[in-house]
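Below is one structure; the comments refer to it alone.
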Number of protein chains: 2
Amino acid sequence: MTEPRYRRRKEDRPKEITAAAFDAFAEKGFAATRVDDVAKRAGVSKGLLYLYFKTKEELFKAVVKSVVIRRVDRLIENVETTELSSDNFIRGPLLSFLQKIPGSPVAIVIRLLIAEGPRHPDLVDYYYENVVAKGLAAISAFVKRGVDRGEFRQSSVSDLPHLILAPVMLSIIWGIIFKDKQLDTDTLIATQIDMILTHIKA
Amino acid sequence: MTEPRYRRRKEDRPKEITAAAFDAFAEKGFAATRVDDVAKRAGVSKGLLYLYFKTKEELFKAVVKSVVIRRVDRLIENVETTELSSDNFIRGPLLSFLQKIPGSPVAIVIRLLIAEGPRHPDLVDYYYENVVAKGLAAISAFVKRGVDRGEFRQSSVSDLPHLILAPVMLSIIWGIIFKDKQLDTDTLIATQIDMILTHIKA
DNA sequence: ATAGTTAATGACCGAGTAGTCAGCAAGTGA
DNA sequence: TCACTTGCTGACTACTCGGTCATTAACTAT
């Protein structure tokens, strides 16, 4: 009565494989990761992997999508339903949301997109539409609301969303390239938010 | 009396090869670029390339170094010798220096470092010491001078250099990933500088 | 001229890897 | 328990690409 050599788990395999792929890509990047590695990490054979994903590239896209979904949407929901003053919302939930990004899977995805994006235009489009555009729009709408309420000055700069993102981006990149050279990303982001608020406050 | 099939040009070959390699890496990234491609672009045989560069990785390092040299040094020199007030220097030479970065070869190198850096720690160290550390130090020293002269407030934030770099970094990344989705990097950087200046002015 | 030096060539090799497929065995139902 | 479906395996193939090296031909010195 020995253990069966494997179990058939059609439902769970894809998730497990994308999770394993994410880890592998995070460590080595897409190009340097072997499909065999991913399979081994997921505890399956290479053949099975190819049953669920037509090509390595297909797998790559699945990984990006798996990370992206639902992250921004939650923020947007918050923006729309919050009872806080604009100021408090920015210093509170928005700030802590931003501070979490550099250490999150999103940072990994950004790295992958930088490295491989130029070769996968449709993936970039997908990411732009589902994450970037949404995020930018949400922040813009929020600032507009602040203006309407008289909390912010009328002339509030139009590239505010990008200015808010900038230190987050820097933190992400820093973490990727100069792992060891520490950088206090939390204060960096907080300081920027601070500067921006005093700049646009009515 | 036919043309010779090739000329012996020992002096020029390395430069030509690194230039060709830069172009190739810029287009496809390091991993996806074939040595044969680089050779073809440079108008030489693969064998010759291997006469001047021991390995593909060696070539990669040469490319990075060729872009890096002398760029930051010139800025540092300016910082140290300028007669302008801190304010004017920042709004003038420093700003225009920063605005040029996103479209310059440095942007390409950043992309390469993000994609391949984790696999080439010594290269990252080289880049950090010769570009990043120098640049940060120069800006810090400059701010300190401004404080001494009474132009800036004492408490001028310590991560100012990073804050200055942030929008530059964002612009670089944006340009790499979302080539088509335009972003007015010049105003973005200028606005940030503006914000920072009003923030630290005495 | 001509012998010697070496920049330059390109066919070749072997390691490594994305993707395939014939067969196996875990689950299923009668 | 036995036939049947199908999730799963892993050896295999076809091919790509970094790196080598025997050979060639452009230069140089005498």
Side-chain angles (χ1 to χ4, degrees), chain A residues 1-25 27-64 112 115-116 119-120 123, chain B residues 1-64 112 115-116 119-120 122-123:
Chain A
M1 207 172 203
T2 54
E3 281 284 285
R5 294 239 302 273
Y6 56 81
R7 305 227 164 244
R8 309 168 90 184
R9 298 190 356 260
K10 189 180 179 172
E11 307 300 318
D12 304 333
R13 295 304 194 195
K15 276 184 216 168
E16 291 173 7
I17 293 171
T18 48
F22 175 83
D23 291 345
F25 292 163
E27 266 178 36
K28 310 195 172 196
F30 173 76
T33 296
R34 348 236 145 281
V35 176
D36 255 324
D37 269 16
V38 174
K40 206 159 278 172
R41 274 182 204 249
V44 301
S45 68
K46 190 163 63 163
L48 185 64
L49 189 155
Y50 275 95
L51 201 66
Y52 293 112
F53 303 93
K54 271 184 84 77
T55 63
K56 190 186 178 188
E57 188 178 320
E58 208 62 42
L59 175 62
F60 180 50
K61 292 181 183 176
V63 167
V64 171
L112 293 175
E116 311 290 339
R119 285 158 119 13
H120 306 274
L123 190 61
Chain B
M1 208 176 205
T2 53
E3 282 283 285
R5 295 238 303 272
Y6 55 82
R7 304 223 168 249
R8 308 170 89 188
R9 300 194 350 265
K10 189 179 179 174
E11 307 299 319
D12 305 333
R13 295 303 195 196
K15 276 182 217 171
E16 292 172 8
I17 294 171
T18 47
F22 175 83
D23 291 346
F25 293 163
E27 265 177 37
K28 309 195 172 196
F30 173 76
T33 296
R34 350 232 149 284
V35 176
D36 256 324
D37 270 14
V38 174
K40 206 158 278 171
R41 272 182 204 250
V44 300
S45 67
K46 190 163 63 162
L48 186 64
L49 189 155
Y50 274 96
L51 200 67
Y52 293 111
F53 303 93
K54 273 184 86 77
T55 64
K56 189 187 180 189
E57 189 180 319
E58 208 63 42
L59 174 63
F60 180 49
K61 292 180 185 177
V63 167
V64 171
L112 293 174
E116 312 288 340
R119 284 158 112 24
H120 305 274
D122 51 330
L123 190 61

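First the proteins, then the strands, lettered A, B, ... as listed; each starts at 1.
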Mind checking whether B/Val35 and B/Tyr50 have side chains closer than 4.5 Å, heavy atoms only? yes
Within a strict 4.5 Å, meaning less than it, do heavy atoms of the A/Asp37 and A/Lys28 side chains meet? yes
Mind calculating the distance between CG (A/Leu51) and P (C/dA18) to the nearest angstrom? 18 Å
Taking CG from B/Asp37 and C1' from D/dT16, how many angstroms apart are they, rounded to a whole number? 12 Å
Could you pick out which residue, B/Phe30 or B/Arg8, lies toward the 5' side of DNA chain D when each is mapped onto its nearest nucleotide? B/Phe30
Less than 4.0 Å between a side-chain N and a carboxylate O, is that true for B/Glu116 and B/Arg119? no
Rounded to whole Å, how long is the line connecting atom CG of A/Asp36 with atom P of D/dC12? 15 Å
Mind calculating the distance between OH (B/Tyr52) and P (C/dT6) to the nearest angstrom? 13 Å
Exercise: identify the closest heavy-atom pair between B/Lys56 and B/Ala31: NZ-O, 3.5 Å
To the side chain of A/Lys10, which of D/dG7, C/dA8, D/dT9 is closest? D/dG7
Out of D/dT9, C/dA18, D/dC8, which nucleotide sits closest to the side chain of A/Val44? D/dT9
On the six-membered ring of A/Tyr52, is A/Lys10 placed so that its NZ or CZ lies under 6.0 angstrom from the centre and within 45° of the ring axis? no
N/O donor-acceptor pair under 3.5 Å between B/Arg34 side chain and B/Ala32 backbone: yes
Axis-to-axis angle across the helix from C/dA1-D/dT30 to C/dA30-D/dT1, five pairs an end, to 10 degrees? 0°
Starting at CD of A/Glu11 and ending at C1' of D/dT6, how long is that distance when rounded to a whole Å? 14 Å
Rounding to a whole Å, what distance do you find between A/Leu59:CG and C/dG19:P? 10 Å
Rounded interatomic separation in angstrom, taking CG from A/Leu49 and P from C/dT17: 15 Å
Any donor-acceptor pair, under 3.5 Å, between the side chain of B/Arg34 and the base of D/dT16, if you only look at N and O atoms? no
Consider the side chain of B/Tyr50, meaning its heavy atoms from C-beta on, and name the nucleotide among C/dA18, C/dA26, D/dG18 that approaches it most closely. D/dG18
With a cut-off of under 6.0 Å to the ring centre and 45° to the axis, is A/Lys61 in cation-pi contact with A/Phe53? no
Just compare C/dA8, C/dT17, D/dG7 and give me whichever is closest to any side-chain atom of A/Tyr6. D/dG7
Phosphate OP1/OP2 of C/dA8: any B/Arg13 side-chain N/O under 4.0 Å: yes
Closest to the A/Leu48 side chain: D/dG7, D/dA11, C/dA7? D/dG7
Using a 4.0 Å heavy-atom cut-off across all strands, classify B/Lys46 as base, sugar-phosphate, or nothing. base
Side chain of B/Arg5: nearest nucleotide among C/dA7, D/dG19, D/dA25? D/dA25
Rounded to the nearest angstrom, tell me the gap between atom NZ in A/Lys40 and atom P in D/dG10. 10 Å
So A/Phe53, base contact, sugar-phosphate only, or nothing? Heavy-atom distance under 4.0 Å. nothing
Could you check if a side-chain atom of B/Val63 sits within less than 4.5 angstrom of a side-chain atom of B/Phe30, using non-hydrogen atoms only? no
